[in-house]
Amino acid sequence: MKKLLIVMTLLLGGLAAYAEEISSIEQSGGWVYLYNAQGRKYKSLSASSVGTILGYSSTFFVSTSGSWIYLWDADGRKYKSMSKSSVGDVIGVAGDTFTSRSGSWIYTWSRDGRKLNSRAAH
């Protein structure tokens, strides 16, 4: 059992070492490029699958296409689709949250798409 725990710890630690963090995102022509803190392009995604980038942090980014909002991880994998009618217009992305405005309300969402807070807009 102890050997299994050591092997699992090494494997998980090794996987974490390969996780990229987003430093910059560029959309050019038909492509979206993700860059790390060293300025190295580490992922290229088709712009037609991503849509329009609305914002990003080091751990995730938010895009829109048609009536959908998409959440993507730092490795360029789409992990959540949300209806624009339920989210509203995304107005900011920071840390592990994003903010949207729908009518006279401002909503704060977690990076996994859970609504954390709401308040009246001024």
Side-chain angles (χ1 to χ4, degrees):
M1 182 68 172
K2 188 174 181 179
K3 285 183 182 180
L4 178 62
L5 183 59
I6 291 170
V7 169
M8 293 295 288
T9 303
L10 290 173
L11 285 174
L12 291 176
L15 291 175
Y18 290 109
E20 294 284 357
E21 288 189 347
I22 301 169
S23 179
S24 176
I25 297 179
E26 293 180 6
Q27 196 162 0
S28 177
W31 295 96
V32 172
Y33 303 110
L34 304 182
Y35 293 88
N36 64 17
Q38 291 74 38
R40 185 180 63 83
K41 178 174 44 177
Y42 68 89
K43 190 71 173 185
S44 300
L45 302 167
S46 166
S48 63
S49 66
V50 173
T52 303
I53 304 291
L54 299 176
Y56 65 91
S57 74
S58 64
T59 58
F60 78 111
F61 66 98
V62 181
S63 71
T64 186
S65 181
S67 59
W68 293 96
I69 303 286
Y70 301 116
L71 305 180
W72 302 77
D73 67 17
D75 292 321
R77 290 186 295 261
K78 180 171 35 176
Y79 62 89
K80 181 83 172 180
S81 301
M82 304 169 73
S83 167
K84 202 173 195 178
S85 63
S86 65
V87 174
D89 296 320
V90 174
I91 56 176
V93 178
D96 284 331
T97 64
F98 68 99
T99 308
S100 68
R101 181 183 187 126
S102 181
S104 60
W105 291 93
I106 303 287
Y107 299 104
T108 303
W109 304 83
S110 69
R111 67 168 292 191
D112 63 357
R114 286 181 300 115
K115 191 184 303 180
L116 299 174
N117 194 10
S118 60
R119 66 176 175 83
H122 298 292

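In this chain, numbering begins with 1 at the start of the sequence shown.
- Smallest separation of non-hydrogen atoms from Ala74 and Glu20: CB-O, 3.3 Å.
- The line from OH of Tyr70 to CH2 of Trp72 is 8.0 Å long, rounded to the nearest 0.5 Å.
- In this structure, Tyr35 OH and Arg40 CZ are separated by 11.5 Å, a value rounded to the nearest 0.5 Å.
- Residue Phe61 holds its CZ atom at 10.0 Å from NZ of Lys78, rounded to the nearest 0.5 Å.
- Follow the hydrophobic side-chain contacts under 4.5 Å out from Ile53 and you reach Trp68 in the same cluster.
- Side-chain heavy atoms closer than 4.5 Å link hydrophobic residues (I, L, V, M, F, W, Y) into clusters, and following such links, even through other members, never connects Tyr79 to Tyr42.
- The shortest side-chain heavy-atom distance between Thr64 and Lys84 falls under the 4.5 Å cut-off.
- Here the closest non-hydrogen pair linking Ser102 and Tyr107 is CB-CE1, 3.7 Å.
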Can you list, pair by pair, the side-chain donor-acceptor contacts under 3.5 Å of residues 109-118, counting residues two or more places apart and other chains?
unit_1: Trp109; atom_1: NE1; unit_2: Ser100; atom_2: OG; d: 2.8
unit_1: Ser110; atom_1: OG; unit_2: Asp112; atom_2: N; d: 3.4
unit_1: Ser110; atom_1: OG; unit_2: Asp112; atom_2: OD1; d: 2.1
unit_1: Ser110; atom_1: OG; unit_2: Arg114; atom_2: N; d: 3.1
unit_1: Arg111; atom_1: NH2; unit_2: Thr59; atom_2: O; d: 3.3
unit_1: Asp112; atom_1: OD1; unit_2: Arg114; atom_2: NE; d: 3.4
unit_1: Asp112; atom_1: OD2; unit_2: Arg114; atom_2: NE; d: 3.3

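- Taking each heavy atom of Ser57 and Ala94 in turn, the nearest pair found is CB-C, 4.3 Å.
- The two residues Gly29 and Ala47 come nearest to each other via the heavy atoms O-CB, 4.2 Å.
- Here the CD1 atom belonging to Ile106 is positioned 10.0 Å from the CG atom belonging to Asp89, to the nearest 0.5 angstrom.
- Residues Val93 and Val87 share a single hydrophobic cluster, defined by chaining ILVMFWY side chains whose heavy atoms lie under 4.5 Å apart.
- Note on Leu34: it clusters hydrophobically with Tyr56, by side-chain heavy-atom contacts below 4.5 Å among ILVMFWY residues.
- Residue Leu45 holds its CG atom at 10.0 Å from CD of Gln27, rounded to the nearest 0.5 Å.
- Linking Ile, Leu, Val, Met, Phe, Trp and Tyr residues whenever their side-chain heavy atoms come within less than 4.5 Å places Phe60 and Val90 in a single cluster.
- Side-chain contact between Trp31 and Val50: absent, with no pair of heavy atoms (C-beta onward) separated by less than 4.5 Å.
- In terms of modelled atom types and a separation under 3.5 Å, the side chain of Asn36 and the main chain of Gln38 share a donor-acceptor contact.
- When every heavy atom of Lys41 is checked against every heavy atom of Tyr33, the shortest pair comes out as CD-CD2, 3.2 Å.
- Atom CG of Leu54 sits about 10.0 Å away from atom CG of Leu71, to the nearest 0.5 Å.
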